[in-house]
Amino acid sequence: MPVVTLPDGSQRRFDHPVTVDEVAGGIGAGLRKAALAARVNGKLVDTSYLIAEDASLAIVTDRDSDGLEVIRHSTAHLLAQAVKELFPEAQVTIGPVIEDGFYYDFAYQRPFTPEDLAAIEAKMTELAQADEKVTRRVMARDEAVQFFRGLGEIYKAEIIASIPDKEEISLYGQGNWVDLCRGPHVPSTGKLKAFKLTKVAGAYWRGDSRNEMLQRIYGTAWPDKKQLDQYLHRLEEAERRDHRRIGKDLDLFHVQEEAPGAVFWHPRGWTVFQSLIGYMRERQNAAGYQEVSAPELMDVSLWQQSGHLEKFGESMFLTHTPDKRVYAIKPMNCPGHVQIFKHGLRSYRELPVRLAEFGKVHRYEPSGALHGLMRVRAFTQDDGHVFITEDQITSESVAITKLILDIYRDFGFEDVRIKYADRPPNRVGSDDIWDRAEAALKAASSAAGIEYTLNKGEGAFYGPKLEFVLRDAIGRDWQCGTLQVDLNLPGRLGAYYIDEHSTRRTPVMLHRAIFGSLERFFAILLEHHAGKLPAWLSPVQAVVLSITDRQDEYVRRVTETLKNQGFRVESDLRNEKVGFKIREHTLRRVPYLLVAGDKEVAANLLSVRTRSGKDLGTMVPETFAERLRVELGSRGRQVLEG
RNA sequence: GCCGGGAUAGCUCAGCUGGUAGAGCAGCGCAUUCGUAAUGCGCGGGUCGGAGGUUCGAGUCCUCUUCCCGGCACCA
């Protein structure tokens, strides 16, 4: 006699066990049709689930995030079914839901081609239109293993063998195809109406590069065609924002074959880069940091001592020199900073000692990892190392966290998530030291009043860390800042200070970066702003344009005056129509276009237009300068047009 | 590093089954002096990523290689 409680609190009484589908039908035919799955007592189940006892029930439709997930999961199954029909020898493995879609990994004798993809998608559409019923059954573990072995699906058999004993083994079938799956799934394939296969790729079995490579097919699925189209449109938008595209269009930088993973910065790009450095330098100095510079090349023995060579030797650049010594090009700045700290006797009274460097580091990243400015082999860190006593960990960590968050706000990133990463399997230092470091960093987090999610086992090899993740304008997350507590390296490298009892003590070192990699942060900014950098970062902040050559002298004079005040201003005296000039500079994302025709010259005015096409009217050059100064000083919070 | 795809003019791209390279934009020249996203006409420009090979003949076919792209793995 189950009593079913619905989300609105109402109850329905049955004198026999009922399926979700029946309950939905009892509420309304429309709901029954829309039902994809359900939550019974909070657990996600199929619509065929039999409710035998009192339970709470929420029907899941495509309006719920649960529903979307079910759709995607079922579409992954549809994909596997289609592949098995077209390529019977392919073996199925796993097919999970991911952000915006799903994938399915197959073991097959050859990679799938784009043509295969089209054929598979067509077959999927056909199978969906056939509206085949999806059925579920439970099988004993050994029986299931035998079953899949019998089908020649050795991967599935292996997966089942690894499922914990207490879990039920469920199989889902549609048409003449059966797959192992936890479920739930849509009641029939006809519920899958808007999907698209997006790409093929290789992927290692169980994510381990020592294993064989499988053929992965990615796809996306949505409740309806409209949402699918919106998603595809979003992908196009992301492509338009690609920093590699923008970098080319705006003539900011380039890369070439002779220097894989390294950047040739062009004048405009370097101007922006220098603005970032200038800004950070100002903020760091104000926060009590001292800027330093350590050698690019140091004897490899130093890296042996620090432990980096052992852990990361494969990705270090080493040199061959006539003196037969082996020097490493620095892959990071910390050992250099420790040398600076060590030079001379340090008293506890001096701590915290905060050293910062815009250090260019080189890492031999795997070739397949390189990606535009996001992942390079030569990059610049805004690296800082703070030497402190153990008592100072909390207060200093709080100060750093606040600085990081405040700086992100200056760049328009308000939505910042923080992750706490604890000890990795591969590490140096005793468990006792790790216990203390982890406890101190956690204490600092709560003192700073921040919330974090745990990134288990993702810490640095010498200490736990906080990772700061930005969310950009189109919702993508980027890990940039980091704060790491290190009770290992200073000791390994022989750093010490003299405490109040005249005894030598090993300092704690905090590693911190705010931009992380300047190259990468630059790319994130370009994509976040779609190339329209705020004026304070724009390589060219304004262009003064003439309409005919009668204004040449005036334009020259105004440009000079603005440049002398420190603004990045250019003039455009070319014999071109003003519309052409406007178009060109707009495409170059110059924030302000200052037009001077005969009327403006006569009255000592400038006609001001923004890159978004807004006409700000005319004003005297001094007014423009004053308002631009305010905008730059407020880092774009007070814009000229406001 | 692994799987797949790609590389043709400064940029974006075309070039069927092998028969000595083409467009648009950009550049340069000339004309035009023009009011807020493209003025007109003309001209120049490529050892087709690199090295080998097959062929009478290779941008096109084969092998190797470099780099780039999409994933995977990696990311101090």
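Throughout, a chain's letter reflects where its sequence line sits, starting with A, and its residues are numbered from 1. Only a predicted model underlies this, so the values are computations on that prediction, with no experimental measurement involved.
Comparing rG35(B), rG70(B), rC72(B) against the side chain of Asp598(A) picks out rG35(B) as the nearest. Ranking rG71(B), rC75(B), rU36(B) by closeness to the Tyr218(A) side chain, first place goes to rG71(B). Closest contact between the side chain of Ala203(A) and the listed nucleotides rC72(B), rC68(B), rA37(B) involves rC72(B). Comparing rA37(B), rU39(B), rG35(B) against the side chain of Lys599(A) picks out rG35(B) as the nearest.
As judged by a 4.0 angstrom heavy-atom cut-off over every strand, Pro331(A) is placed among the base-contacting residues. Using a 4.0 Å heavy-atom distance criterion, Glu584(A) is classed as making no nucleic acid contact. In this structure, Gly597(A) reaches the bases: a heavy-atom distance under 4.0 Å links it to at least one base atom across the strands shown. Nucleic acid contact for Gly207(A): sugar-phosphate only, since backbone atoms but no base atoms lie under 4.0 Å from a heavy atom of the residue. No engagement by Tyr103(A) is indicated, since no non-hydrogen atom pair under 4.0 Å with the nucleic acid exists. Across all strands, Val578(A) comes closer than 4.0 Å only to sugar-phosphate atoms, never to a base (heavy-atom distances).
For the 3.5 Å distance criterion, the side chains of Tyr327(A) and Glu296(A) fail to qualify, holding no donor opposite an acceptor. If you check the side chains of Glu600(A) and Thr618(A), you find no donor sitting under 3.5 Å from an acceptor. Using modelled atom types, one finds a donor on one side chain and an acceptor on the other under 3.5 Å when comparing Lys581(A) with Ser546(A). For His337(A) and Gln339(A), the side-chain atoms include no donor-acceptor pair closer than 3.5 Å. A donor-acceptor contact closer than 3.5 angstrom is absent between the side chains of Ser306(A) and Gln304(A).
If you check distances only, the side chain of Glu600(A) does reach the base of rG35(B) with a donor-acceptor pair under 3.5 Å. Residue side chain Asp549(A) reaches the base of rU33(B) through a donor-acceptor N/O pair under 3.5 Å, judged by distance alone. Checked by distance alone, Thr586(A) brings no side-chain donor or acceptor within 3.5 Å of a matching partner on the base of rU36(B). A donor N or O paired with an acceptor N or O is not found under 3.5 Å between the base of rC72(B) and the side-chain atoms of Arg216(A). For Tyr204(A) against rG71(B), no side-chain N or O and base N or O form a donor-acceptor pair under 3.5 Å.
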Per-nucleotide protein contact along nucleotides 43-49 of chain B, 5' to 3', at a 4.0 Å heavy-atom cut-off (B base, S sugar-phosphate only, - neither), is -------

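Between Leu573(A) atom CG and rU33(B) atom P the separation is 18 Å, expressed in whole Å. Going from atom CG of Leu214(A) over to atom C1' of rA73(B) covers 13 Å, rounded to whole Å. In this entry the distance linking CD of Glu212(A) with C1' of rA73(B) reads 14 Å, nearest Å. Between the P atom of rU36(B) and the CZ atom of Arg574(A) lies a distance of 17 Å, rounded to the nearest Å.
rG57(B) is unpaired under the criterion used here, namely a Watson-Crick or G-U wobble arrangement in which both key atom distances are under 3.5 Å. Partner assigned to rA7(B) is rU66(B), using Watson-Crick or G-U wobble distances below 3.5 angstrom. Applying the Watson-Crick and G-U wobble criteria (two distances, each under 3.5 Å), rU36(B) pairs with nothing in any strand. Across all strands shown, nothing is found opposite rG46(B) as a Watson-Crick or G-U wobble partner with both distances under 3.5 Å.
Residue Phe580(A) and nucleotide rA38(B) are not classified as a stacked aromatic pair, given the requirement of ring centres less than 5.5 Å apart at an interplanar angle below 30°.
To the nearest whole angstrom, the two C1' atoms, one in rG49(B) and one in rA9(B), are 14 Å apart. The same atom, P, is picked in rC28(B) and in rG22(B); the two are 24 Å apart, to the nearest Å. rG15(B) and rG71(B) have their P atoms separated by 26 Å, with the value rounded to a whole Å. rG50(B) and rG10(B): their P atoms are spaced 13 Å apart (whole Å). Straight-line distance between the P atoms of rA51(B) and rA37(B): roughly 48 Å, to the nearest whole Å. Here, rA7(B) and rC62(B) have their P atoms 13 Å apart, quoted to the whole Å. For the C1' atoms, the distance linking rU47(B) with rC30(B) amounts to 33 Å, nearest Å. Distance check on atom C1': rC64(B) versus rA21(B) gives 26 Å, rounded to whole Å.
Residues satisfying the salt bridge (Lys or Arg N to Asp or Glu O under 4.0 Å) test with Arg268(A), not counting sequence neighbours, are Glu570(A). Every residue two or more places apart in sequence or in another chain that forms a ring-ring contact (aromatic ring centres under 6.0 Å, His included) with Tyr104(A) is listed here: Phe106(A). With sequence neighbours left out, Arg423(A) forms a side chain to side chain contact (heavy atoms under 4.5 Å, CB included) with Arg427(A), Asp431(A), Trp434(A), Asp435(A), Glu438(A). Residues meeting the salt bridge (Lys or Arg N to Asp or Glu O under 4.0 Å) test with Arg556(A), sequence neighbours left out: none. For Arg476(A), the salt bridge (Lys or Arg N to Asp or Glu O under 4.0 Å) partners two or more places apart in sequence, or in a different chain, are Asp472(A), Glu527(A). Not counting sequence neighbours, the partners of Asp105(A) by the salt bridge (Lys or Arg N to Asp or Glu O under 4.0 Å) test are Arg216(A). A search for side chain to side chain donor-acceptor pair (under 3.5 Å) contacts involving Tyr204(A) returns nothing, not counting sequence neighbours.
Between Phe102(A) and Tyr218(A), a ring centre-to-centre spacing not shorter than 6.0 Å is recorded. Checked against a 6.0 Å centroid threshold, the rings of Phe253(A) and His266(A) do not count as neighbours. Ring pair Tyr108(A)/Phe87(A): centre-to-centre distance below 6.0 Å.
Below 30°, between 30° and 60°, or above 60°: for His308(A) and Tyr462(A) the angle between ring planes is above 60°, a perpendicular geometry.
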What's touching nucleotides 9-17 of chain B from the protein side, N or O pairs under 3.5 Å?
residue, atom, partner, partner atom, Å
rU12(B), OP1, Lys248(A), NZ, 3.0

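With RNA chain B read from its 5' end, the first of the two nearest nucleotides for Phe112(A) and Thr548(A) is the one closest to Phe112(A). Nearer to the 5' terminus of RNA chain B, by closest-nucleotide assignment, is the contact made by Thr113(A) (compared with the other of Thr113(A) and Arg244(A)).
Listed by residue number, the members of residues 365-374 of chain A with any heavy atom below 4.0 angstrom from RNA chain B are Pro366(A), Ser367(A), Gly368(A), Ala369(A), Leu370(A), His371(A), Gly372(A). The stretch residues 511-522 of chain A has no heavy atom under 4.0 Å from RNA chain B, so no residue of it qualifies as close.
Taking side-chain N and O atoms only, Lys199(A) has a distance below 4.0 Å to OP1 or OP2 of rG71(B). The phosphate of rC34(B) (OP1 or OP2) has a side-chain N or O of Arg550(A) nearer than 4.0 angstrom.
Pairs passing the salt bridge (Lys or Arg N to Asp or Glu O under 4.0 Å) check and including a residue from residues 354-370 of chain A, sequence neighbours excluded, read Lys330(A)-Glu357(A), Arg354(A)-Glu396(A), Glu365(A)-Arg375(A).
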